[in-house]
S.K.: 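Once you've had a glance at the structure underneath, I'll fire off some questions.
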There are 2 protein chains.
Amino acid sequence: MEKRATIKDVAEAAGVGVATVSRVLSGGSASPRTRERVLAVAAQLDYRPSALGRNLRQRRTGGMGLLVPDLTDTFHAQLAEGVLACARSAGEPVLIGSTAGDPEQEAELIGMLLEQSVDRLIAVPTGDEDTWAPALRAGMTVVFADRLPARPSPEDDDPAAVAVNDLRVLDGLSPARPAPVRALDVPSVVADDRAGIRTAVRYLRGLGHKRIAFLGGPGHDRRAAAFGEAVGPPVDEDLVVFGTGSRDSAYAAASGLFQSRPDLSAVVAAGNVLGEAAVLAARELDLRVPRDVSLVMYDDVPWAELCAPPLTVIAQPGRDMGYRAAELVLRSGPRRPRSVVLPTELIIRGSCGPRR
Amino acid sequence: MEKRATIKDVAEAAGVGVATVSRVLSGGSASPRTRERVLAVAAQLDYRPSALGRNLRQRRTGGMGLLVPDLTDTFHAQLAEGVLACARSAGEPVLIGSTAGDPEQEAELIGMLLEQSVDRLIAVPTGDEDTWAPALRAGMTVVFADRLPARPSPEDDDPAAVAVNDLRVLDGLSPARPAPVRALDVPSVVADDRAGIRTAVRYLRGLGHKRIAFLGGPGHDRRAAAFGEAVGPPVDEDLVVFGTGSRDSAYAAASGLFQSRPDLSAVVAAGNVLGEAAVLAARELDLRVPRDVSLVMYDDVPWAELCAPPLTVIAQPGRDMGYRAAELVLRSGPRRPRSVVLPTELIIRGSCGPRR
DNA sequence: AATCATGATGGAATCGTTTCCATGGAGAAG
DNA sequence: CTTCTCCATGGAAACGATTCCATCATGATT
């Protein structure tokens with residue numbers, strides 16, 4: 001275990017000041033002669049600047065944070081791979097956290113990133129805008145991917161709560177009541193959910209399906225809204241069900257849906273975990289796909305093709321989304337685009353058939 | 001964007017010295033009276049110690065690194081979830097990197113972690129022992145998961161290379177020739193590959209299969225060896241093929257295997273990506289599973305059950321492996337166990353049948 | 001030849017924390 | 001009453017980089 005050379009060692013060995021070494025290494029101005037000698041000495045000593053000193057001085061940790069609900073959801077894994085690919089090519093480290101779809105854990109992880117002074121963050125958000133307010137207020141550059149945070153629950157505008165806040169302000173110890181931070185102002189990279197869902201619904205309609213169900217999870221509000229829009233009013237609310245994020249709850253939701261509404265003939269699953277659950281639940285209930293029920297799943301994952309039958313999917317470019325999000329968060333210029341919307345594609349395989 | 005309170009602010013507001021604040025917050029000795037006041041003030045100022053200062057002072061970044069070949073490999077995603085779960089409950093950050101099965105990228109990521117002064121690392125290694133020497137020599141606490149690095153290629157013991165090294169030592173600028181670092185001394189968490197493979201081979205033998213092939217990827221040497229042992233000599237070398245890690249190469253390897261050896265009747269795939277490739281290749285070649293060819297796949301992944309037919313698998317506890325590895329790397333006591341071997345389980349579904 | 005502009009250079013401050021060490025006071029033991 | 005011990009406490013020195021600023025040399029301009 002050998003200890004690493006510091007900038008001081010390099011400076012001494014090269015007979016120059018530390019400031020000069022720093023300038024040479026970070027591309028500042030220096031005479032060719034000095035530059036050459038410093039570089040030579042640095043190479044000989046195998047000097048690598050410590051991120052620790054730099055971070056402290058600049059009061060920020062380089063790299064970026066990445067928060068996803070669950071890596072075993074293949075789509076999130078694809079997205080993460082995209083982020084990692086971009087970060088790798090930029091030489092930036094990535095701090096990752098998995099929120100398990102729980103706003104509380106998400107808030108904790110945000111706190112941890114704040115403590116680490118990570119000021120760039122890519123997130124597939126789970127909590128609502130209130131969960132994200134601390135991060136934004138702290139000046140983090142946030143990019144949302146795949147989804148946007150929901151609007152906060154109204155209880156926080158409760159007059160009583162305001163009163164409490166005001167009292168604490170008068171106390172002089174608590175920070176002033178924060179200005180509301182709109183997550184809407186945060187750039188994002190999402191798929192064109194409206195078009196994706198609309199295409200899927202039209203496709204199913206074209207096959208003769210009338211009673212189409214929607215199976216969603218946390219964060220799929222946009223897709224649910226798009227679904228409602230696509231099927232058009234009146235929306236049969238019983239045909240729109242949600243799981244809470246775990247595989248178990250997805251299965252329960254799918255199974256409950258099939259049992260409570262035997263009249264449905266097609267299902268749109270808003271994510272691959274939900275699609276998986278739908279296939280399992282249908283099989284358990286002896287519903288055959290696509291004879292008894294047609295299925296369209298969000299996310300094109302490698303195993304969709306291996307399924308029996310191969311699943312018709314709404315593909316969204318997970319890896320690209322991650323890569324683009326990482327690019328956005330790295331080049332956080334002022335003329336940053338508000339949000340990037342990537343196209344989806346309906347890939348027809350074998351899980352949809354005509355209405356029986 | 002409000003700036004965070006520092007320890008100095010807390011000290012001033014509480015009327016004590018910074019040393020006292022630090023002690024109170026990190027559990028040192030202090031009078032109850034002072035402790036109470038410091039805690040109260042810290043809470044009121046919403047003070048959170050910056051990891052930056054602490055890291056620099058302690059010359060180490062907290063948390064741990066995690067290096068996996070590919071997150072879209074569901075097994076690695078499970079493993080990563082295990083690591084994240086343990087890290088979360090310990091409140092430690094995780095720096096993640098994906099190596100794409102490329103030793104060079106792995107070496108780069110190790111360098112990046114070194115630069116960040118991350119001194120704890122969990123890795124599903126891709127490169128050989130030489131790739132890992134720098135990390136170990138720098139004093140990193142490394143835990144390997146799922147696999148161990150291969151022995152280095154012999155060219156590095158080339159006398160010429162030694163001579164060059166010696167010259168550089170005489171030069172007085174290069175570090176002394178490093179003592180060889182055996183990856184064998186590094187703790188690890190792996191599945192009981194020998195038992196897993198043996199069970200699978202015996203099962204296939206029991207179904208009457210004689211010509212059993214092995215389909216592996218990078219890092220599957222142990223499994224390949226276990227396979228050779230299980231089928232017993234003489235091993236038909238043509239029945240043992242390897243892909244390079246990507247899905248394309250896995251598909252090519254599987255397809256090539258089926259085409260070059262139409263006489264084989266069963267395949268053991270050493271990982272889920274390879275199993276996926278085997279299913280696709282078989283389908284493309286109109287080989288039916290399990291009628292024409294039986295398949296056992298390493299890794300129990302959620303989609304194995306959705307496959308047509310559902311895949312018989314050698315299950316290994318990916319999430320547990322990650323969790324245990326994280327525990328090991330965090331409690332790096334001297335009486336750390338050398339290595340943890342977790343059991344595998346053969347889960348029989350529908351992808352194996354009697355020899356046709 | 002004197003003055004000015006330019007650019008290279010190094011010393012020192014700084015970032016926020018932990019930790020070493022000296023100091024002071026209180027209580028115990030003599 | 002004295003001395004000794006122990007503990008709480010705060011000042012200051014690290015940690016390793018970046019960056020401000022003053023200095024100095026060189027070459028150009030008047």
Side-chain angles (χ1 to χ4, degrees), chain A residues 2-39 41-42 45-63 91 93 112 114-119 138-139, chain B residues 2-39 41-42 45-63 91 93 112 114-119 138-139:
Chain A
E2 53 212 36
K3 49 176 167 292
R4 272 164 56 189
T6 72
I7 198 176
K8 211 175 151 194
D9 299 327
V10 177
E12 277 168 19
V16 299
V18 290
T20 304
V21 176
S22 176
R23 268 188 301 259
V24 167
L25 263 22
S26 51
S29 72
S31 75
R33 192 168 141 46
T34 322
R35 149 166 281 113
E36 193 187 352
R37 201 173 54 221
V38 168
L39 289 177
V41 170
L45 293 184
D46 190 29
Y47 169 70
R48 305 197 59 174
S50 157
L52 260 35
R54 177 182 327 139
N55 289 348
L56 177 57
R57 174 61 222 241
Q58 305 186 333
R59 306 154 79 141
R60 54 183 296 275
T61 295
M112 191 256 281
L114 247 21
E115 190 168 320
Q116 302 288 328
S117 301
V118 171
D119 62 354
Chain B
E2 53 211 37
K3 49 179 169 289
R4 273 163 56 189
T6 72
I7 198 175
K8 212 174 151 193
D9 299 326
V10 177
E12 275 169 19
V16 299
V18 290
T20 303
V21 176
S22 176
R23 269 188 301 258
V24 167
L25 260 25
S26 51
S29 70
S31 75
R33 191 167 145 46
T34 327
R35 147 165 283 114
E36 193 186 353
R37 203 174 51 222
V38 168
L39 289 177
V41 170
L45 293 185
D46 191 29
Y47 168 70
R48 305 197 59 173
S50 157
L52 260 34
R54 178 183 326 142
N55 289 347
L56 177 57
R57 174 62 221 240
Q58 305 186 335
R59 304 147 68 113
R60 55 184 295 276
T61 296
M112 190 257 280
L114 248 20
E115 190 167 321
Q116 302 288 329
S117 301
V118 172
D119 62 354

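Values below: all heavy atoms of this structure, side chains included; hydrogens, waters and symmetry mates excluded. Here is how names work: the chains are called A, B, and so on, in the same order as the sequence lines, proteins then strands, and each is numbered from 1.
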S.K.: What integer distance in Å separates A:Arg4:CZ from D:dC15:P?
M.R.: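 From A:Arg4 CZ to D:dC15 P: 15 Å.
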S.K.: So, is B:Ser31 close to the D:dA8 phosphate, meaning a side-chain N or O under 4.0 Å from OP1 or OP2?
M.R.: no
S.K.: Select base, sugar-phosphate, or nothing to describe what A:Leu52 touches, counting heavy atoms under 4.0 Å on all strands.
M.R.: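 The answer is nothing, as A:Leu52 stays clear of every strand by at least 4.0 Å.
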S.K.: Please state how far atom CZ in A:Arg59 lies from atom P in D:dT19, giving the value in whole angstrom units.
M.R.: 13 Å
S.K.: Hey, does A:Ala30 reach any base, or is it just sugar-phosphate, or nothing, if we go heavy atoms under 4.0 Å?
M.R.: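 Sugar-phosphate, no base atom in range.
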S.K.: For residues A:Ala13 and A:Val41, report the shortest heavy-atom separation together with the two atoms involved.
M.R.: CB-CG1, 3.6 Å
S.K.: Hey, does A:Thr6 reach any base, or is it just sugar-phosphate, or nothing, if we go heavy atoms under 4.0 Å?
M.R.: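 Sugar-phosphate only.
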S.K.: Starting at atom NZ of A:Lys8, determine the distance to atom P of D:dA13, rounded to an integer number of angstrom.
M.R.: 14 Å
S.K.: Just how far, in rounded Å, is C1' of C:dT17 from CG of A:Asn55?
M.R.: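 It works out to 14 Å between those atoms.
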S.K.: Can you work out whether B:Thr20 or A:Tyr47 has the more 5'-proximal nearest nucleotide on DNA chain D?
M.R.: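 Comparing both residues, the 5'-ward one is B:Thr20.
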S.K.: So A:Ser26, base contact, sugar-phosphate only, or nothing? Heavy-atom distance under 4.0 Å.
M.R.: nothing
S.K.: Among the nucleotides D:dG16, D:dA12, C:dT9, which one has an atom lying closest to any side-chain atom of A:Thr34?
M.R.: C:dT9
S.K.: Using whole Å, report how far CZ of A:Arg54 lies from P of C:dG16.
M.R.: 18 Å
S.K.: Find the distance between OG (A:Ser50) and CZ (B:Arg60) and round it off to the nearest 0.5 Å.
M.R.: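 A:Ser50 atom OG to B:Arg60 atom CZ measures 13.0 Å (nearest 0.5 Å).
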S.K.: So, for B:Val18 and B:Lys8, which heavy atoms are closest and what is the spacing to 0.1 Å?
M.R.: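 Heavy-atom minimum between the residues: CG1-CA, 3.9 Å.
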S.K.: Report the distance from atom CZ of A:Arg48 to atom P of D:dG16, rounded to the nearest whole Å.
M.R.: 16 Å
S.K.: Counting any heavy atom closer than 4.0 Å, what does A:Ser29 reach on the DNA or RNA strands: base, sugar-phosphate only, or nothing?
M.R.: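 Sugar-phosphate contact only.
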S.K.: Mind listing the closest non-hydrogen atom pair of B:Pro93 and A:Gln116 along with its distance?
M.R.: CG-NE2, 3.5 Å
S.K.: Round to a whole Å and report the spacing from CD1 of B:Ile7 to C1' of D:dG11.
M.R.: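 Nearest whole value for this atom pair: 14 Å.
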S.K.: Can you tell me whether the side chain of A:Arg57 and the base of D:dT18 have a donor-acceptor pair closer than 3.5 Å?
M.R.: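 Donor-acceptor pair under 3.5 Å: yes.
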S.K.: What's the closest nucleotide to the side chain of B:Gln58 if the choices are D:dA17, D:dT9, C:dT19?
M.R.: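 The answer is C:dT19.
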S.K.: Check every strand shown and say whether B:Gly53 touches a base, only sugar-phosphate, or nothing at a heavy-atom separation below 4.0 Å.
M.R.: base
S.K.: A:Leu56 CG to D:dT19 C1': how many Å, rounded?
M.R.: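 One finds 14 Å between C1' of D:dT19 and CG of A:Leu56, rounded.
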S.K.: Taking atom types as they are modelled, is there a donor-acceptor pair under 3.5 Å from the base of C:dG10 to the side chain of A:Arg23?
M.R.: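 Such a pair is found, so the answer is yes.
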S.K.: Could you tell me whether A:Gln58 atom CD has more than 12 heavy atoms of other residues or ligands within 6.0 Å of it?
M.R.: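 Check passes, neighbour count above 12.
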